Every structure is written in structure tokens, then in C-alpha cells.
Amino acid sequence: MALAAVLWFGETMSAVPLRNNKAGVGEARTVTVLGATGSIGDSTMDLLRGARDRYRVEALTANSNVDALARLAREFGARFAAVADPARLGELKQALAGTSTECGAGESAVIEAAARPADWVMAAVSGAAGLKPALAAVDRGAAVALANKECLVCAGDFFMQRAAKAGACILPADSEHNALFQALSSGNREELVRVIITASGGPFRSWAAADIEQATLAQALKHPNWSMGQKITIDSASMMNKGLEVIEASYLFALAPDEINVLVHPQSIIHGMVEFSDRSVVAQLGAPDMRIPIAHCLGWPDRIVGPSARLDLAKIGQLTFEEPDFERFPGLQLAYDALRTGRGATTVFNAANEVAVAAFIAGQIRFGAIARLVEATINDWIRTGNLALLTSADDAIAVDHGARKRATSLLPQIALKAS
Ligand code: NAD
Ligand code: MG
């Protein structure tokens, strides 16, 4: 990686090369995986499995799946395993009996896992619950591979500043942001014109608005390219995920909303591009496999040998592109609006979307009502004078909780309203 890029990121991201301040050459790097039993966690553990001599596992966490957590802790000889559900401590201890793995349970144990001394932490808890654990890793100056986009969406006002202050290194693990991270090193901030993140368009890319309105859960869960957790798969179908990613890119790289464009690219081969002042556009390509951006974060600033399929463009034949449709996918417009509004609006956007997705999964609202609930919640939040700059995790969590309550109270009227 060019030194200039490191210095540039140093200003906004404090992306200090690991080999300068972490494990020395030949020494195993210690790693912690928050959300080890999820989709990103699974890809991360798969990469670690392929490089056992280079990495030693400090801590692993899960929400409630004790069996899967204990299996991983045993396999990797983890020093600490934490389950978020406090009622499962006994079960976890039993499952790890006879090993030297310490066990913990409850939110504080997940935070403790992040605070323990690992050089590299994968932040892959889903949702706003990932914020405090990620901050615990950030505050001790770790290298944090950030998959959890909600950290930036909920706490964008202060997350990166706090990372810079602690000397933490934020490595973007979301595929589009990882692509930008790789492409940005081709120029400096003054030379940047815009960044482009791609979107597959999801399963409803070519559907009529009326059909999207009535889409079922099974249809929403059929992502054409990526295999991911349930929440993010539904967000991809509504393009709320791309909205979250626009916000994520803005905070991560200190970009204005107008500097971030979304391009629909159904094959999901190009993940992100950066346009520079000389009109060069630098792109990152790869198969739609999360192990590729995670491998980049794991090896950074070097590259490791990844297990993913090699890209065969001749076989793929065609890469196609379309403008996003803000009318059929109103969530994308709402994300830009929330980003421009700031002062907690993106936190409300995320919280309302989490409530809406849970209500859709529970069969309480139609697919089309997800965006309507988010819009109604943000409007109500602004109308009642709640916008304020967020400066701490407690601020962000208070807004998150308040917005969830607001969204839940608006749910019945949104559920009744036809499109
Ligand atoms: P997932 O639902 O598959 O896994 C989530 C993990 O977090 C699990 O290990 C679960 O046990 C844990 N968890 C859930 N709730 C928790 C809580 N309250 N406290 C502690 N742990 C909890 O989700 P995922 O698809 O792996 O996504 C994880 C994060 O990465 C999300 O923020 C998502 O937006 C982001 N992301 C995912 C992908 C992907 O391909 N899956 C791509 C880019 C970004
Ligand atoms: Mg993504």
C-alpha cells in the first residue's frame, strides 16, 4: 500500500499499519471475533481456519447460539467466550467444560470480549447492539475490521473521531467500503471527485412498485448474489442496505452526501469505484464473496492467500449498470435525506428500519410499509424537536431507543394504511 494513502487515511481514519505497532514479524496476531456465529463471523472463522499459524483467537462472542459458540471456542482454543443472553452462562460453561476457555454472559461480557487485548477485532454483531462492543475495541486502539455498519450510522457524529483519538485503525469490511478503501489509495483527498458504491438491486430490481409493495418474506430473502444474515438480506431487497451504506461511506471517509453515488450493477463484481480529478476511475472487482474484503482486512497492510474463487470475467461475459430508482426504492432517498439532516437523523433512520424489518418478518406490515414507517418516524422525530448532535454511545443509544419506541407506536397506523 502506498505510503501516501496511509497518511491520507491517517487524517480521517487513523489507519496505522499494523506491522508498525502490533505483533512483530513471525509472531501470531491475536484476533477477536464479535458475532462469530453469524454470516460475517462464519466467513471470518473460515479465513482463520486456513491460517492457523498466523492468528491466535483471544475471544469469540454470540447472541444466544451456545452450541455454535462453544464449538468454535473449542476448535480455535479461544481464551474467552461470551454469550449475550445472560441466561445462557450455565449452558456455555457446561459446553466448554474441560477446556481453558473462560466464559462470560450478558452485554457486559460481550463488551469485555472486545476490551481484551487482541490486535485485530472483527466487529460483526448485527444491529445497534454492536455499537458498545465495537467502541470498546476502538477505545483501546485496536485494529477494528468494521462489518457492523450500524456503528457508523448510529454514532457517525463521533465514532471516527473517537477512533482517531484512540489511535485505532478502522478497516472497512463491508464489501463496497472495502473496495473504496482499496481504490482510494490511488489519489489524495483534493484529487477525489466522487465515490460510487454498487448495488445488486436485490430480488426486486426489475419488479413493478405494486408487486414490491406486496412482496413476501420468502421473496425478500432470495438474494440473487450474496448469502448473508436475514436482516441485511431484507435490507438489500428494500435497498435500505444501500442507504445505510451511503451513510456509512460518508462517515467512514469524511465525504459529503453529494460525493457518494449509487450505481445498480446486478452482477455484483465491481463493488466500489473512485473517480479522481483527471477522470480516472479506479475500481475494485471480485466475486460476491465476503471472504474477499474480510481477507483484505485480516491481512492488511499485507495480503493473505484467500480461499475464494478467482474472478473469471470471460466466463461472466457482461457487466451491466443502471441508475437506482429512488421511487420504487424510497428507502435510498430517505437515507440521503437523513444524512443531510444529521444530528441523530441517521440513528432514527436505522432504528425505525430495524423495527420495520422485524414487523415485516413477523407479518405485521407489508414489505412496502418498511420505508413508510421509516419516513413517518423520522418526520415525527424532527417535528417534535428531537434533533441534536450525538457525542457519546449513551446519546446514540438513547436516540436509538427513543426512535424504536416512536416507530413501534406508529406501527399500527402504518400497518392499516394501504399504499
Ligand atoms: P448475522 O445475523 O448472520 O450475525 C450476527 C451475529 O451477531 C451473530 O453472531 C449473533 O449471534 C450476534 N448478535 C446478534 N444480536 C446480538 C446482540 N444483541 N448482542 C450480541 N451479539 C449479537 O448478521 P451478519 O449478516 O453476519 O451481519 C453482521 C453485521 O455485518 C451487520 O451489521 C451487517 O449489516 C454487516 N454486514 C454483513 C454482510 C454480510 O454479507 N452478511 C455484509 C456487509 C456488512
Ligand atoms: Mg455491503
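Treat the numbers as computed from the prediction; the structure is a model and nothing was measured. First listed ligand is number 1; within each ligand, the first listed atom is number 1.
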Can you find an N or O of [X] that's nearer than 3.5 Å to an N or O of ligand 1?
X     : result
Ala84 : no
Ser39 : yes
Gly41 : no

Query raised in the report: For Thr216 and Gln219, does a side-chain donor sit closer than 3.5 Å to a side-chain acceptor?
Result: yes
Report task. Would you please say whether a donor-acceptor pair under 3.5 Å links the side chains of Ser308 and Asp289? Result -> yes
Report task. Would you mind telling me which of Leu390, Thr347, Val348 makes a side-chain contact (heavy atoms from CB on, under 4.5 Å) with Asp400? Result -> Thr347
Query raised in the report: How wide is the angle at the Mg ion (ligand 2) between OE1 in Glu176 and OD1 in Asp174, to the nearest 10°?
Result: 100°
Report task. Return yes when Asn65 approaches ligand 1 closer than 4.0 angstrom through a heavy atom, no otherwise. Result -> no
Residue-level breakdown please: for [X] versus ligand 1, do any non-hydrogen atoms fall below 4.0 Å on the side chain, on the backbone, on both, or on neither?
X      : result
Ala129 : side chain
Lys149 : both
Glu107 : neither
Ile232 : side chain

Can you pull out the closest protein heavy atom to [atom]? Residue, atom name and distance to 0.1 Å, please.
atom                    : answer
atom 22 (C) of ligand 1 : Asn63 CB, 3.4 Å
atom 28 (C) of ligand 1 : Ala124 O, 3.4 Å
atom 43 (C) of ligand 1 : Asp174 OD1, 3.0 Å

Report task. Indicate, with yes or no, if the rings of Phe204 and Phe329 have centres closer together than 6.0 Å. Result -> no
Requested in this report: Would you check if the distance from the ring center of Trp120 to the ring center of Tyr55 is below 6.0 Å?
Outcome: no
Report summary line: Checking distances from the Mg ion (ligand 2), one finds that the N, O or S atom of Glu245 closest to it is OE2
